[in-house]
Engineer: 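Structure in structure tokens, see below.
Quick note: numbers below take in every heavy atom, side chains included, and nothing from hydrogens, waters or symmetry partners. Proteins get letters first, then strands, A, B, ... in listed order; numbering begins at 1 in each.
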Amino acid sequence: MSMLSSFLLISAGLFCIGIFIVLSKRNAIQILIGIELMINAAILNLVAFGKYDNLANSGQVFALFAIVLAAAAVAVALAIILNVYRQYKTIDPAKVERLKD
Amino acid sequence: METTLSHTDIITIQLAIAAVAAPFVVFLLNFFLVPKRSKVSGMLSGAAIGASLVLALLIFFRVWNQPALHVQQVWFTIGNTQIRLGIWLNNLSVLMLLLVSAIALPVHIYSIAYMKGDERYTRYFTYLSFFCFAMLALVVMDNLLLLYAFWELVGFASYLLIGFWFTREKAVQANKKAFIMNRIGDIALLTGIMLVYTHYHTFDLVTLFGAHPIKTTREVWVTIAGLCFLMGAIAKSAQFPLHTWLPDAMEGPTSVSALIHAATMVAAGIFLLGRVYPIFDSTVLTTIAVIGCFTAFMAATIALTQTDLKRILAYSTISQLGYMMMAMGIGAYSSALFHLATHAFFKCLLFLAAGVIIHEMQHLKHKHHLQIDTQDINNMGGLRKIMPVTFITCCVAALALIGFPLTAGCLSKDGILIQGFAWAEGKSWAYSIIPIGAVLTSLLTAFYIGRLMFKVFFGESRLEGISTDSEPEAHEENPLLYLPMILLALGSLFPLFSLDPLKFENAWIVKGFAGFAGKAESAGELIPLLISALSVGVVFIAYTVYVKQKLQWLKFKGVLFNISYNQWYIDSFYNGVIVKAMVGLSRAVAWFDTYVIDGVVKLVAGIGLVLSRVSAWIDKYLIDGFLNALTYFVKQTGNFIRGFQTGRVQGYLFTMLIIVLALYILKTFI
Amino acid sequence: MSINQILFYVMGFTALASALVVAASKNLVRSVFMFFVTLFALAGLYVFALADFVAVTQIVIYVGGVLVLMLFAFMLSNKETLNNLQSKGSKFITINNMAALLVATLFMIILVNAIIKAQPDHIGWIQRSLRSDTPRKDNMGNIGVNLMTRYLLPFEVISIVVMMALIGSVHLSRKEEHKL
């Protein structure tokens, strides 16, 4: 197995673990961590392919941008979690179901 | 107006119209304006009929034995046919005009006093005026259609007057019976009129039966038409077999019986026969004679045993009408009309007297608190002491009925008998039954009227505890009651009709109808004298039986008595067979209507109901069920899908991922 | 097996294992700290992909910024929140976990399937790049030049996005003026 394939497999594994965390945790911050994990898996994927682009370094540039976006997302998400906590007095997403039909 | 008439003729026609219209005007006045118990109604009616009498006299002297007057006008047109109406004044018309008004006037005067105190006084005179109008119009019409119309109106007036006291059950049944029996005759009359029109295409009496009457040919239809006219006359004049209504018609007031059922309406049948006389061929004439003779004999036998005063007089009327019909049948046209006129006088008088007697009996009943039938002659007796005027006038009338010499009745009856024998002469022996029957009937007449006179006026009172010597003078105090009776009594004597008391041919009536007169027998003097003698003998027998109470072998038992007393069981036969058959038939039809026809209707309705229930069930369970199922399905689908909106974010994400996975799996592996 | 490969596999394994611990741990603090480890391992992996600048950036921004932010966020929050951390469930396999596990496994299978099918070794441009092996010098400089020339627009846009995120999060988390 080549290095590229290994990179891709690791990236896939992290991504799936991230999905598992997002789907099964009861804490909003843990879900946030899961999201971060997914984003990191994607960044790993980008960087793995970017190894073969010496000219434009597109993979790495894209990875930089993704890191920045991930940070922005975390900031905004924390602000949202704070508001949700203020409103519902809990950060368990299963408890926030006022939009239920 | 077809031909130009002279001035006097026009006046005569106008007088005739006035004479007919006067009672009609009074009828309208009484009907609409006069209050219920006012005396004005009686005076108005009396005045109207008095005016009619005066006018009739005037017309009579202008038209009698003059050429007949006839005026016409077009009434309506159907297609190419014109129907005309008008007035025909010949000897017969003016005689009847005079007779009707002359009899009606005394009856009106008598009624003013007789009906005093009655609840519906005005209505009585309304009906009486209506009847006079209809009868007077009947005799002057020249058109078969209008004759029929007034014939019906006369019958209708009779119905109204018989049932005048309509609160009594018997009166209501009697007037129904009279009307229905008259109806049977009217149907026959209408058939006859239609037959005549079909063959001659005219309703005009003058054309058909006037100065140049139609010739009857030996055709069947002529006989049938003649029989139809005869049937009409039988019903109206109460001959066998349609005679049973007349005794029951005595439920009306006695003055009504006097006017209508003795003198005028029942004479309308004879008048009709006189009008259409030329249409009768020999078969029909023989039939008329047979029926007349049989009726006369039968009615006389029934009158022998009746106990109700008015019923005896009713059967006497039937019998005398039989005489008149028989006279018509044997060709003695003038004698029939002569007898009509004289009979009117003395029969009317007898009825008026009966009214006074019944009033007196009611007076006795109230005074002594008895419970008796005031019309039963077995409760009367010795009344000559308290009612002398009534007694004397009744005697005159009775003698006229018997045919005693010096009375007018004698002349007319003699004429019939003599002409009867002359008619049977030269024919087979069977034909002579008729004149012999007439003779027997006249003897029976003598007996029953003698019985009536003796039982009512002679002897002592049959009521217990009352002696007629001590009773005061009765209702005769009222001149309005006994003046008419005296006038009629005078009319029953011979001078009114003939200046010669012995020969009937010299009566002016007979001379007036000489064109139709039959033969006269040579031995004409003998028969009437013989009969008069026999009648006197019979009266004496009656005297012995009823006054002296001897000769009791004429017992009240036996088959003949029962037959006579029960009116030959004819009435019972009609009630038991014919009436029951009709009622049964109508019940059957009613049953059919209720169960079959209504059953079908109800069945259809039931089917409709069942169908509606079925469709309601279908609507409720199938259609609504289908819709309900749809909505249920939609609701359940909605509920199911709604379940996906849990409000939990992780659930949403889970669903999204599952779908993506499913898509990918489907795309790559399938 | 050269030392490169061994090191590479160790890094990879560390990343995965720490990620698993993050997933399996119920304690929030523990999971955050294990995430630290994951991020460090990832940075090591980036080095193996010849992306040194990205690795450093990852450590600086991600570990030093984002993770510290999260630590601050829940450390400085209410007591109830901290108390809520350790109470939930004792079992690993619950209903929710089963579904998530299923989905994750399926995804794994599909991704692996896609990777195998894609045959990344045989993609055209990768092989060309391998053959024309121009040596890499001044990786960072190259990135800088590319950022300023080729990727200028995304660069500016990203800066605006960051500014929006900043303003937004500040606004969202402000205190209410009038308390009832």
Engineer: Is a donor on one side and an acceptor on the other found under 3.5 Å between the side chain of C:R174 and the backbone of C:H171?
Structural biologist: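 Such a contact is found between C:R174 side chain and C:H171 backbone.
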Engineer: Going through the checks in order, is the side-chain contact (heavy atoms from CB on, under 4.5 Å) test met by A:N27 and A:D92?
Structural biologist: CA-CA 5 Å; A:N27 199 332; A:D92 185 351; over 6 Å; no
Engineer: Do A:K51 and A:M3 make a side-chain contact, defined as non-hydrogen atoms from C-beta onward lying under 4.5 Å apart?
Structural biologist: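 Of all side-chain heavy-atom pairs linking A:M3 with A:K51, at least one is under 4.5 Å.
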Engineer: Side chain from CB out, backbone as N, CA, C, O: work out which of these in C:L147 comes under 4.5 Å of a heavy atom of chain A, or both, or neither.
Structural biologist: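 Contact with chain A: side chain only.
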Engineer: Considering only heavy atoms from C-beta outward, does the side chain of A:F7 approach that of A:V47 to under 4.5 Å?
Structural biologist: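 Of all side-chain heavy-atom pairs linking A:V47 with A:F7, none is under 4.5 Å.
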Engineer: Which atoms of C:F155 come close to chain A, meaning under 4.5 Å heavy atom to heavy atom: side chain ones, backbone ones, both, or neither?
Structural biologist: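 For C:F155, the contact with chain A is made by backbone and side chain together.
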Engineer: Mark yes or no for whether C:R30, through its side chain, and C:V22, through its backbone, hold a donor-acceptor pair below 3.5 Å.
Structural biologist: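 Pair absent, no side-chain N/O of C:R30 close to backbone of C:V22.
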Engineer: So for C:N146, is it side chain, backbone, both, or neither that comes closer than 4.5 Å to the heavy atoms of chain A?
Structural biologist: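 For C:N146, the side chain is the part near chain A, not the backbone.
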Engineer: Below 4.5 Å, heavy-atom pairs only: which of C:G65, C:P120, C:A114 has the largest tally toward chain A?
Structural biologist: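 Highest number of heavy-atom pairs under 4.5 Å: C:P120.
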Engineer: Among C:I61, C:N139, C:V103, C:I116, single out the residue with the greatest number of heavy-atom pairs under 4.5 Å to chain A.
Structural biologist: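 With the most close heavy-atom pairs to chain A, the winner is C:N139.
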Engineer: Below 4.5 Å from any heavy atom of chain C, which atoms of A:I19 appear? Answer side chain, backbone, both or neither.
Structural biologist: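 A:I19 touches chain C through side-chain heavy atoms alone.
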Engineer: Highest number of heavy-atom pairs under 4.5 Å with chain C: which of A:I43, A:L78, A:L69, A:V76?
Structural biologist: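 The candidate making the most pairs under 4.5 Å is A:L78.
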Engineer: Please state whether the side chain, the backbone, both or neither of C:A73 comes within less than 4.5 Å of a heavy atom of chain A.
Structural biologist: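 Just the side chain, heavy atoms under 4.5 Å.
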Engineer: What part of C:L172 lies closer than 4.5 angstrom to a heavy atom of chain A: side chain, backbone, both or neither?
Structural biologist: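 For C:L172, backbone and side chain are both near chain A.
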Engineer: So which part of A:L82 gets closer than 4.5 Å to some heavy atom of chain C, the side chain, the backbone, both or neither?
Structural biologist: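 Interface part for A:L82: side chain.
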Engineer: May I ask you to decide if A:A41's main-chain N or O and A:S11's side chain share a donor-acceptor pair within less than 3.5 Å?
Structural biologist: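 Confirmed, A:S11 side chain pairs with A:A41 backbone.
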Engineer: Can you confirm whether or not the ring centre of A:F62 sits under 6.0 Å from the ring centre of A:F65?
Structural biologist: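 No; A:F65 has its ring centre 6.0 Å or more from that of A:F62.
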Engineer: Between C:L69 and chain A, which part of the residue has a heavy atom less than 4.5 Å away: side chain, backbone, both or neither?
Structural biologist: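 Contact with chain A is through both the backbone and side chain of C:L69.
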Engineer: Given the options C:N4, C:V162, C:L102, C:L16, which has more heavy-atom pairs under 4.5 Å with chain A than any of the others?
Structural biologist: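 Heavy-atom pair counts peak at C:L16.
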Engineer: With no hydrogens and no angle check, just 3.5 Å: does a side-chain donor-acceptor pair link A:E36 and C:Y62?
Structural biologist: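 Their side chains do contain a donor-acceptor pair, which is all the 3.5 Å distance test asks for.
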Engineer: Non-hydrogen atoms of chain A under 4.5 Å away: do they reach the side chain of C:V145, the backbone, both or neither?
Structural biologist: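 Neither part.
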Engineer: Considering only heavy atoms and a distance below 4.5 Å, find which of C:L106, C:L45, C:T149 pairs most often with chain A.
Structural biologist: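 Counting heavy-atom pairs under 4.5 Å, the top option is C:L45.
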Engineer: Could you check whether any side-chain heavy atom of A:Y88 comes within less than 4.5 Å of a side-chain heavy atom of A:R98, counting everything from C-beta outward?
Structural biologist: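 Yes, side chains in contact.
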Engineer: Is A:I81 in contact with chain C via its backbone, its side chain, both, or neither, using a 4.5 Å heavy-atom distance?
Structural biologist: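 Neither part.
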Engineer: Check whether any side-chain N or O of C:S18 sits under 3.5 Å from a backbone N or O of C:A15 as a donor-acceptor pair, and report yes or no.
Structural biologist: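 Yes.
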Engineer: Between C:A118, C:A49, C:A165, who has the most heavy-atom pairs with chain A when the cutoff is under 4.5 Å?
Structural biologist: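 So the answer, after comparing C:A118, C:A49, C:A165, is C:A49.
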Engineer: Using a 4.5 Å cut-off on heavy atoms from C-beta on, say whether the side chain of C:I126 contacts that of A:F49.
Structural biologist: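 In contact.
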Engineer: Quick one: what part of A:I21 sits under 4.5 Å from any heavy atom of chain C, side chain, backbone, both or neither?
Structural biologist: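 For A:I21, the side chain is the part near chain C, not the backbone.
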Engineer: Under 4.5 Å heavy-atom distance to chain C, tell me which part of A:L14 shows up: side chain, backbone, both or neither.
Structural biologist: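 Contact with chain C is through both the backbone and side chain of A:L14.
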Engineer: Taking every non-hydrogen pair under 4.5 Å, which of A:L44, A:L9, A:L32 racks up the most with chain C?
Structural biologist: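 That would be A:L44.
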Engineer: What part of A:N83 gets closer than 4.5 Å to chain C, counting heavy atoms only: side chain, backbone, both or neither?
Structural biologist: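 Side chain of A:N83 only, per the 4.5 Å heavy-atom cut-off to chain C.
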Engineer: Do the side chains of C:L111 and A:C16 get nearer than 4.5 Å, heavy atoms only?
Structural biologist: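 Of all side-chain heavy-atom pairs linking C:L111 with A:C16, at least one is under 4.5 Å.
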Engineer: So, the side chain of A:Q30 versus the backbone of A:V22: is there a donor-acceptor pair under 3.5 Å, distance only?
Structural biologist: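 Not confirmed, A:Q30 side chain does not pair with A:V22 backbone.
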Engineer: Out of C:N142, C:V66, C:I123, C:V170, return the one with the most heavy atom pairs under 4.5 angstrom to chain A.
Structural biologist: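 When all of C:N142, C:V66, C:I123, C:V170 are compared, C:N142 has the most.
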Engineer: Are any of the side-chain heavy atoms of A:V84 and A:Q87 separated by less than 4.5 Å?
Structural biologist: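 Answer no - side chains too far apart.
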Engineer: Looking at A:A56, is its backbone amide N or carbonyl O close enough to the side chain of A:D53 to form a donor-acceptor pair, meaning the two atoms are under 3.5 Å apart?
Structural biologist: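 Between the backbone of A:A56 and the side chain of A:D53 there is a qualifying donor-acceptor contact (under 3.5 Å).
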Engineer: Report which part of C:F35 has an atom under 4.5 Å of a heavy atom belonging to chain A: side chain, backbone, both, or neither.
Structural biologist: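 Interface part for C:F35: side chain.
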Engineer: Search all heavy atoms of A:Y52 against all heavy atoms of C:S129 and return the closest pair with its distance.
Structural biologist: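 For A:Y52 and C:S129, the tightest heavy-atom pair comes out as O-OG, 2.6 Å.
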Engineer: A:A73, A:S6, A:G18: which one forms the most heavy-atom pairs within less than 4.5 Å of chain C?
Structural biologist: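 Heavy-atom pairs under 4.5 Å are most numerous for A:S6.
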Engineer: If you tally heavy-atom pairs under 4.5 Å against chain C, which of A:G13, A:A94, A:A63 wins?
Structural biologist: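 Top option by heavy-atom pairs under 4.5 Å: A:G13.
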Engineer: Contact part of C:F48 toward chain A, heavy-atom cut-off under 4.5 Å: side chain, backbone, both or neither?
Structural biologist: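 Both parts, backbone and side chain.
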Engineer: I'd like to know which of A:V74, A:I67, A:V68 tops the heavy-atom pair count under 4.5 Å against chain C.
Structural biologist: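 Highest number of pairs under 4.5 Å: A:I67.
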Engineer: Which atoms of A:I33 are under 4.5 Å from chain C, going by heavy atoms: the side chain, the backbone, both sets, or neither?
Structural biologist: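 The answer is both parts of A:I33.
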Engineer: Could you look at A:V61 and say if it's the side chain, the backbone, both or neither that has a heavy atom under 4.5 Å from chain C?
Structural biologist: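 It is the side chain, since no backbone atom gets that close.
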